[in-house]
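Structure first, then comments.
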Amino acid sequence: SDIYYDQLLSTNYDSCTFRSIATQNVSILAHIVPATGITLTNIFDIFPSDTSEGPAVKLQFARFFCLVIYSLICYFAIKKTPKFKKSLFLILLLPNSLLLRTMVSYDGLIMSTVALTLALILSLIYDDNAKFNKWHLLWFIFSGYILLNIKTIYSIIFILLFAIPKEKFGTKNDKIKKYAMVAGFIIFFTMLNKLIYSGLGGSSPDIVSEQLSFIKGNLFEVFKILTYNILSQFRSQMYWMIGTYGLLDTYMPQLFVFIVYILLFITILSDIFNNENKIPILYRLLLLFFTILAVYGMYGIMYLDWTPKVTATVGGSEVTGIQGRYYLPLLLLLPIIFNNNLISKVKNENIKNVLKQIDKFLENYTFICTCLLLTLVVIFILLRFYM
C-alpha cells in the first residue's frame with residue numbers, strides 16, 4: 001500500500017541534500033541505463049503536478065529500462081553464440097538472472113556484458129566466416145572497461161581472446177595490433193575515470209586498514225579462512241543463486257531449486273558432450289584456474305572491506321556479504337571449461353542415439369521449461385506477499 005500511494009502522491013526533494021553513496025566513484029556508464037529511465041520521469045510529467053513524482057515511479061521506470069536494455073543485450077548474446085546456446089539461454093533466463101536485470105544496480109549490466117562478450121569470442125573461434133571487425137573492437141573496449149572497473153574478477157573471460165585464430169584478424173601482427181589497441185583504450189579510459197572521480201572515494205575506516213595489515217602479515221592463515229568459508233557456505237550460496245529473490249527474503253521451495261539444478265545439470269552436460277571443441281586445453285585450464293581464483297577474490301574482497309565493518313572484528317574466521325548471485329556470470333563458463341565433445345568418441349550407437357535425443361529434446365523444449373520456472377516463481381511470490 002505504501003508503494004501504491006507513493007506513486008500517486010508527488011514528492012518535494014528541496015529539503016534533501018546529496019552527500020555520498022558507496023558506488024559514487026564507479027563509472028557513469030554503470031548507471032546510465034537506470035538513470036535514463038529516471039530522467040524520463042523528470043522530462044515528462046507522469047502525474048502532472050508542480051513537484052517531482054514519488055520515488056516508486058522513478059524506480060519503476062529505472063527497473064523497466066534496465067530490464068529492456070539488459071535483456072536485449074542477452075538476446076543478442078544467445079542469438080550470436082554458435083555453441084553452448086542451450087546453456088546460455090537457460091542461465092540467462094533463470095529467474096534470478098531476470099531479477100538482476102530489473103535491479104537498479106550494475107549487476108544486470110555485468111551479467112549481460114559477460115554473456116555478449118563470451119558469445120562474440122565464441123563466434124570468432126567457431127564460425128569459419130567470422131572476422132574481427134570494428135564492432136568487435138568497440139565492444140571489447142567497452143566490456144573490458146566495464147568489467148575491469150566495476151567487477152574486476154569477471155575480466156577472466158578475456159583469456160579466451162587468445163584462443164581466437166590469427167586468421168580472423170588477417171595476420172599474427174594484425175592480431176597483436178588489435179589487442180594492443182583494445183588494451184590501450186581500456187587503460188586510457190580507466191585512467192580518465194580515476195582522474196574524473198579522484199577525491200570521491202573517501203578514506204577507509206581504521207578497522208579496514210587494520211584488516212589489511214592483518215591480511216598482509218598472515219597470508220597463509222587468511223587463505224585457510226577463505227577456503228573454509230568457501231566450502232562451508234557453498235551449499236547456501238548455491239541455494240541463494242537459484243532460490244532466493246528480493247533482498248534475500250523470498251525463498252523458493254527446496255523441490256523447486258532441486259528441479260532447476262537438475263535441468264541446469266542436464267542442459268550444461270548436453271552442451272559439453274555435443275559441441276565441437278576448438279578451444280585448446282591450455283586456455284580451458286587457465287580459465288578453470290582463474291575461475292577458482294575469482295571465487296577466492298570475491299571472498300577476499302568481502303573479508304577485507306565488508307566483514308570487519310559488519311562484525312567489528314579484525315582477523316576473524318568468518319566472511320560475510322557474499323551472495324549467490326555473484327556466481328551466475330561464472331556459471332556461463334562451465335560448458336566452455338569442460339567441453340569435451342564426448343558424443344563423437346562414443347562407439348556404442350545406442351548410447352550415442354540416446355545422447356543425441358536428449359540434446360534434441362532440450363533444443364526444442366528448453367524454452368517451455370524456462371517459462372514454467374518463471375511462472376512458478378510468480379506464483380510463489382504472489383503467495384509470499386499477497387495471499
Side-chain angles (χ1 to χ4, degrees), residues 67-68 70-102 108 111-112 114-116 118-120 122-123 126-127 238-239 241-245 252-278 324-325 327-346 348-383:
L67 177 63
V68 171
Y70 299 152
S71 292
L72 275 174
I73 297 173
C74 291
Y75 162 78
F76 286 113
I78 296 167
K79 182 180 175 66
K80 190 68 179 176
T81 184
K83 300 294 180 182
F84 314 112
K85 196 180 289 285
K86 297 188 298 298
S87 297
L88 202 65
F89 176 90
L90 183 59
I91 294 168
L92 292 178
L93 283 169
L94 284 172
N96 232 353
S97 299
L98 272 170
L99 174 69
L100 291 183
R101 299 204 290 275
T102 66
M111 185 76 173
S112 56
V114 168
L116 185 53
L118 281 175
L120 291 176
L122 290 173
S123 69
Y126 282 94
D127 188 350
M238 292 301 99
Y239 186 93
M241 182 175 72
I242 298 297
T244 56
Y245 307 98
M252 298 297 107
Q254 291 182 335
L255 178 59
F256 170 86
V257 178
F258 175 76
I259 291 170
V260 174
Y261 269 111
I262 291 296
L263 180 59
L264 265 175
F265 179 77
I266 294 172
T267 303
I268 292 175
L269 211 61
S270 177
D271 269 345
I272 287 172
F273 289 166
N274 287 281
N275 280 302
E276 178 188 3
N277 182 25
K278 283 191 175 183
R325 59 190 171 89
Y327 286 90
L328 278 170
L330 299 178
L331 200 60
L332 295 168
L333 302 178
L334 292 185
I336 300 172
I337 292 172
F338 297 103
N339 178 217
N340 54 44
N341 196 20
L342 184 65
I343 195 169
S344 64
K345 302 166 188 174
V346 174
N348 189 302
E349 288 299 322
N350 291 328
I351 296 175
K352 184 178 287 191
N353 287 332
V354 169
L355 292 174
K356 286 182 177 179
Q357 288 299 320
I358 293 173
D359 185 61
K360 191 68 177 176
F361 176 84
L362 292 170
E363 192 175 303
N364 292 332
Y365 297 108
T366 299
F367 75 95
I368 295 178
C369 297
T370 302
C371 289
L372 288 172
L373 293 179
L374 294 171
T375 303
L376 284 172
V377 169
V378 171
I379 293 171
F380 292 141
I381 289 174
L382 285 172
L383 292 173

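For clarity, every value in this text was computed on a predicted model and none was experimentally measured.
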Work out which heavy atom in S112 is nearest to a heavy atom in C74; give both atom names and the distance. CB-SG, 3.7 Å
Would you say N275's side chain and N339's backbone share a donor-acceptor pair under 3.5 angstrom? no
Enumerate the residue pairs fulfilling salt bridge (charged side-chain N to carboxylate O under 4.0 Å, His left out) with a member in residues 365-378, sequence neighbours excluded, ordered by first and then second residue. none
Show every donor-acceptor pair shorter than 3.5 Å between a side-chain atom in residues 80-98 and any protein atom, with sequence neighbours excluded, or say none if there are none.
from: T81; atom 1: OG1; to: K83; atom 2: O; distance (Å): 2.6
from: K85; atom 1: NZ; to: I78; atom 2: O; distance (Å): 2.7
from: K85; atom 1: NZ; to: K79; atom 2: O; distance (Å): 3.3
from: K85; atom 1: NZ; to: T81; atom 2: O; distance (Å): 2.8
from: K86; atom 1: NZ; to: D271; atom 2: OD1; distance (Å): 2.7
from: K86; atom 1: NZ; to: D359; atom 2: OD1; distance (Å): 2.7
from: S87; atom 1: OG; to: D271; atom 2: OD2; distance (Å): 2.7
from: N96; atom 1: ND2; to: W240; atom 2: O; distance (Å): 3.1
from: N96; atom 1: ND2; to: M241; atom 2: O; distance (Å): 2.7
from: N96; atom 1: ND2; to: T244; atom 2: O; distance (Å): 3.4
from: S97; atom 1: OG; to: I91; atom 2: O; distance (Å): 2.6

Kindly say whether C371 contributes a backbone atom to a donor-acceptor pair with the side chain of T375 at under 3.5 angstrom? yes
Tightest non-hydrogen contact, residues R101 and S71, listed as NE-OG, 3.0 Å
V354: which residues meet the side chain to side chain contact (heavy atoms under 4.5 Å, CB included) condition with it, sequence neighbours left out? I358
List in chain and number order the residues that pass side chain to side chain contact (heavy atoms under 4.5 Å, CB included) with Y365, two or more places apart in sequence or in another chain; answer none if no residue qualifies. F361, I368
Could you pull out all residues at least two apart from K278 that satisfy side chain to side chain contact (heavy atoms under 4.5 Å, CB included)? I125, Y126, D128, E276
Of all heavy-atom pairs between C369 and L263, which one has the smallest distance, and what is that distance? CB-CD2, 3.6 Å
Restricting to non-hydrogen atoms, name the atom on I272 and the atom on F338 that form the minimum distance, rounded to 0.1 Å. CG2-O, 3.0 Å
Side-chain donor/acceptor of Y261 to backbone N/O of M238, under 3.5 Å: yes
Which residues share a ring-ring contact (aromatic ring centres under 6.0 Å, His included) with Y327, sequence neighbours left out: none
